[in-house]
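Reviewing the structure listed below.
Source: prediction; values computed, not measured. Hydrogens, waters and symmetry mates play no part in the numbers below; they use all other heavy atoms, side chains included. Sequence positions, counted from 1, serve as the residue numbers for this chain.
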Amino acid sequence: MTTEWPWRRVDPRAKAGARPAASQAGSAAPGQAPGQRPESASIRPSLALRWRRLYTPVRLALVVLALAVLWWGVIGSLQAGIEVDDTLRPSAVQLPAGGSVAVANATRLLERQVTELTFTPDDPAFFPTGFARRTAAFQSQLVLTVRGVIDGLASDRKSQPLQAAAALLHTPPDVWWVRLAMPPVGRPAERVYAEAIGKLEDHNRLVATEGRIVPTRLSVAERLALANLMRDAEGQAQRIDMVMREGNRQQQVQALAAARGTAFAAMLLMRGMRDDNFDIVRASGQAAQWMEAIDRFHETAVIDPLFVADRHLLRAGYSLMIAGRAIRIILGDREPAAGAGALERSKGR
């Protein structure tokens, strides 16, 4: 016995095994060939058909958008990026026997960022990395920190290659082939820095050949290099404090990247200066201050959040402030860094 549900209509011909009339050959709709499948809304058009149905301006806009995402998004992300490698070491060419470890570390830092990785600060907007603001801020500040140390070491005017390298490093990091200055066409910053790398290698070869006099205390040039590191650290701490007050998230991201660039360079440069003056540092009773500054720079350099928050900025600013204060003690100045009070109060909260 079959139960007929009242809300379900059953075609009596379907129960008898007959085909529905709409599907039979002789029951085609007017204007439709017998056996042809009726045009139905259940048949979805293909993607190619949908694409052809779009207006030409819309298709052009979608193509341009896809190319922009591929160029600046995918390719730019692959080429750009911040690298902090605390195991970075100079080669035997950069550090011959008897050479300066600080100069060799500066050479290796520049070589890694300028020639081995993509140097982004001088890339125009139409390059894939033209909008890589974080990487550009990191690399620019790294070069400026290296420049400050080389300026200090070259202040004694005893080495022509070192002075030449210092002059070359004064080229702004964002200089490209074409610029709104005289001359309007010239070498980009990365080409100039590559020449500076060669000058630094020449300096260390010269030092290794002539021999290095074992000092009994830090030279005036080395103290000036440390003072430049201290000013860079304190300057980045003050910048972080400023952008935290302003609350501009994009500026905060770039400020953290710049602080990491300063910290990474300062960490390796202070390691080199400590190795160059190991006996002096040990005999001075300030080895703890050297370690404090190096460790604080390392703490800042490795801060790499996916999304920058206030706690990351606070941690970086406080570590840089402590590093700057440690260098002040090494130089004999025990006064706290300018602007340190605001960061300490924020740290206390």
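- The list of salt bridge (Lys or Arg N to Asp or Glu O under 4.0 Å) pairs with a residue in residues 124-142, not counting sequence neighbours, reads Arg134-Asp304.
- Electrostatic pairing of Glu234 and Arg325 does not count as a salt bridge here, judged by no charged N lying under 4.0 Å from a carboxylate O.
- The salt bridge (Lys or Arg N to Asp or Glu O under 4.0 Å) contacts involving residues 111-121 comprise Glu83-Arg112, Arg108-Glu111, Arg108-Glu116, Arg112-Glu116, where partners must be two or more places apart or lie in separate chains.
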Without placing hydrogens or testing angles, list every side-chain donor-acceptor pair under 3.5 Å for residues 123-132, not counting sequence neighbours.
residue: Asp123; atom: OD2; partner: Thr129; partner atom: OG1; Å: 2.3

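- Residue Val101 belongs to a hydrophobic cluster whose other members are Leu95, with links defined by side-chain heavy atoms closer than 4.5 Å.
- Contacts of Arg187 classified as salt bridge (charged side-chain N to carboxylate O under 4.0 Å, His left out), with partners at least two apart in sequence or in another chain: Glu195.
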Sequence neighbours excluded and cut-off under 3.5 Å, please list the side-chain donor-acceptor pairs for residues 56-65, or say none.
residue: Thr56; atom: OG1; partner: Arg59; partner atom: NH2; Å: 3.3

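- Through direct or relayed side-chain contacts under 4.5 Å between Ile, Leu, Val, Met, Phe, Trp and Tyr, Leu117 connects to no other residue.
- Within the structure, the salt bridge (Lys or Arg N to Asp or Glu O under 4.0 Å) test picks out the following pairs touching residues 284-297 (sequence neighbours left out): Glu292-Arg296, Arg296-Glu299.
- Distance alone, capped at 3.5 Å, is enough to place a donor-acceptor pair between the Arg249 side chain and the Val308 backbone.
- Scanning for salt bridge (charged side-chain N to carboxylate O under 4.0 Å, His left out) contacts around Arg191 gives an empty result, with sequence neighbours left out.
- Under a 3.5 Å cut-off, the side chain of Gln139 and the backbone N or O of Thr120 do form a donor-acceptor pair.
- Cluster note: Val220 groups with no other residue, as no ILVMFWY side-chain heavy atom lies under 4.5 Å from it.
- Put simply, the residue from Ile303, Leu320, Thr300 that forms a side chain to side chain contact (heavy atoms under 4.5 Å, CB included) with Arg315 is Ile303.
- Remark: side-chain polar atoms of Asn228 are paired, donor with acceptor, to backbone N or O of Gly148 under 3.5 angstrom.
- For Ala164, the side chain to side chain contact (heavy atoms under 4.5 Å, CB included) partners at least two apart in sequence or on another chain are Lys199.
- With sequence neighbours excluded, no residue satisfies salt bridge (charged side-chain N to carboxylate O under 4.0 Å, His left out) with Asp85.
- The line from NE2 of His298 to CE of Met267 is 5.5 Å long, rounded to the nearest 0.5 Å.
- Residues Val207 and Ser100 form no side-chain contact, since every pair of their non-hydrogen atoms from C-beta on lies 4.5 Å or further apart.
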- Message: The test is salt bridge (charged side-chain N to carboxylate O under 4.0 Å, His left out); show your working for Asp241 and Arg245 and say whether it passes.
- Response: CA-CA 6 Å; Asp241 185 49; Arg245 295 175 184 274; 3.3 Å; yes
